[in-house]
There are 2 protein chains.
Amino acid sequence: MKKPTASPSFQDLSSFVTFRIARVQNTLNAQASATLAAHCDLTLTEWRMLASIEARGQTTAAEIARHTQIDKGQVSRAVKSLKGRALLKAGAAATDQRQQTLTLSAQGRAVFERVVVVMRKRQEMLTQDIAPEDLRTFFSVLDKLQARAL
Amino acid sequence: MKKPTASPSFQDLSSFVTFRIARVQNTLNAQASATLAAHCDLTLTEWRMLASIEARGQTTAAEIARHTQIDKGQVSRAVKSLKGRALLKAGAAATDQRQQTLTLSAQGRAVFERVVVVMRKRQEMLTQDIAPEDLRTFFSVLDKLQARAL
DNA sequence: ACCTTATTGTTGACAGGTCAACTAATTTCC
DNA sequence: GGAAATTAGTTGACCTGTCAACAATAAGGT
């Protein structure tokens with residue numbers, strides 16, 4: 001028999017997927033920003049963009065926005081900032097004159113290589129007591145949520 | 001044999017737990033805000049706080065901040081706003097004169113009851129093609145990450 | 001008792017994110 | 001070919017989140 005109405009739905013609240021993710025995300029974000037600030041002069045968004053560009057070798061602003069789910073306005077401003085610091089280079093696209101191709105500069109790559117080591121270490125720390133199989137399940141659930149959320 | 005250096009680490013990027021979570025979260029947040037806006041006059045933060053208070057029956061601002069990982073300043077302002085709309089009531093605490101006890105008002109509870117139905121439906125939509133067992137694993141991984149992240 | 005430290009909640013200042021309007025280029029479809 | 005719709009990227013306005021300082025209270029240690 002259930003308790004009447006004293007503490008009716010704490011379970012319900014915590015079972016909200018979005019609530020749980022948001023909570024973890026807030027914690028992780030704060031920690032990641034701090035880690036980042038300690039090692040380079042990049043915001044979390046800038047770092048993610050750098051990583052996104054590095055991952056693809058060459059890309060465009062719109063592609064970054066889609067890939068990372070960062071607002072395209074924000075991407076635009078971050079590109080300007082990163083370009084100003086010579087961390088990435090912009091060039092004209094072959095077919096489409098609207099878009100500019102984005103690639104890391106030598107400095108940009110150097111910063112990435114240096115920082116990615118730290119971020120990988122952090123990730124290992126975060127996931128060290130999680131079974132690889134569980135992590136795979138975790139990712140697959142994230143993908144399903146992503147697909148469902150549009 | 002691996003490709004030389006053309007697209008070296010897209011796998012690596014997507015394997016970053018924080019990156020993946022952030023991406024999903026951005027998508028989910030936008031969707032949740034839209035859903036919320038369509039059904040009531042609450043921001044996502046206000047909704048989470050309402051849910052947090054409802055879950056505990058009676059609580060304090062600091063407890064909400066810890067529970068939801070929302071900034072205490074933000075909590076303070078949201079409390080003021082919700083109090084102004086008579087969605088929650090504040091009272092003096094018995095033992096500690098600094099804190100105020102927060103409870104939902106009748107209207108607050110009514111709004112919660114009405115909106116929680118919609119949010120549950122949304123959650124069912126999001127999780128419908130995820131096996132319950134996988135969802136449990138997902139939550140347990142989230143918990144481990146939360147614990148590791150501090 | 002006292003001094004130090006920690007905690008609660010509020011506030012101001014600011015960085016960051018979000019949204020919508022806009023131009024320019026491109027595609028679609030008749 | 002040409003009007004309508006779509007997409008890339010920029011920008012301005014605004015809202016939200018974050019951080020640090022602060023006063024008031026509480027707790028701990030000597």
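Residue numbers begin at 1 in each chain, while the letters A, B, ... track the order of the sequences.
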First encountered from the 5' end of DNA chain C, between A/Arg98 and A/Thr43: A/Thr43
Most 5' of A/Asn26 and B/Gln97 on DNA chain D, judged by nearest nucleotide: A/Asn26
Pairwise 5' ranking along DNA chain D for A/Lys72 and B/Ile70, keeping only the more 5' one: A/Lys72
Donor-acceptor under 3.5 Å (A/Arg85 side chain, A/Asp41 main chain): yes
Phosphate-side-chain proximity, [X] and [N], N/O vs OP1/OP2 below 4.0 Å:
{"X": "B/Arg66", "N": "C/dT8", "value": "yes"}
{"X": "B/Ser76", "N": "C/dG9", "value": "no"}
{"X": "B/Gln74", "N": "C/dT11", "value": "no"}

Pair A/Ser81-A/Arg77, side-chain donor/acceptor within less than 3.5 Å: no
Please state how far atom [atom1] in [X] lies from atom [atom2] in [N], giving the value in whole angstrom units.
{"X": "B/Leu88", "N": "C/dG9", "atom1": "CG", "atom2": "C1'", "answer": "14 Å"}
{"X": "B/Gln100", "N": "C/dT10", "atom1": "CD", "atom2": "C1'", "answer": "10 Å"}
{"X": "B/Lys80", "N": "C/dT10", "atom1": "NZ", "atom2": "C1'", "answer": "8 Å"}

Parallel, tilted or perpendicular: rings of B/Phe138 and A/Phe138 (30°, 60°): parallel
Geometric class of the A/Phe19/B/His67 ring pair [parallel <30°, tilted 30-60°, perpendicular >60°]: tilted
Sugar-phosphate only, base, or nothing, as touched by B/Asp96 at under 4.0 Å among non-hydrogen atoms: sugar-phosphate
Shortest side-chain distance from A/Arg77, nucleotide among C/dG16, C/dT18, C/dT11: C/dT18
Heavy atoms from other residues, nucleotides or ligands near CD of B/Gln128 exceed 12 (cutoff 6.0 Å): yes
Chain A contact limits on DNA chain D, taken 5' to 3' with a cut-off of 4.0 angstrom to heavy atoms: D/dT7 to D/dA13
Gap separating the NE2 atom of A/His39 from the OG1 atom of A/Thr35, nearest 0.5 angstrom: 7.5 Å
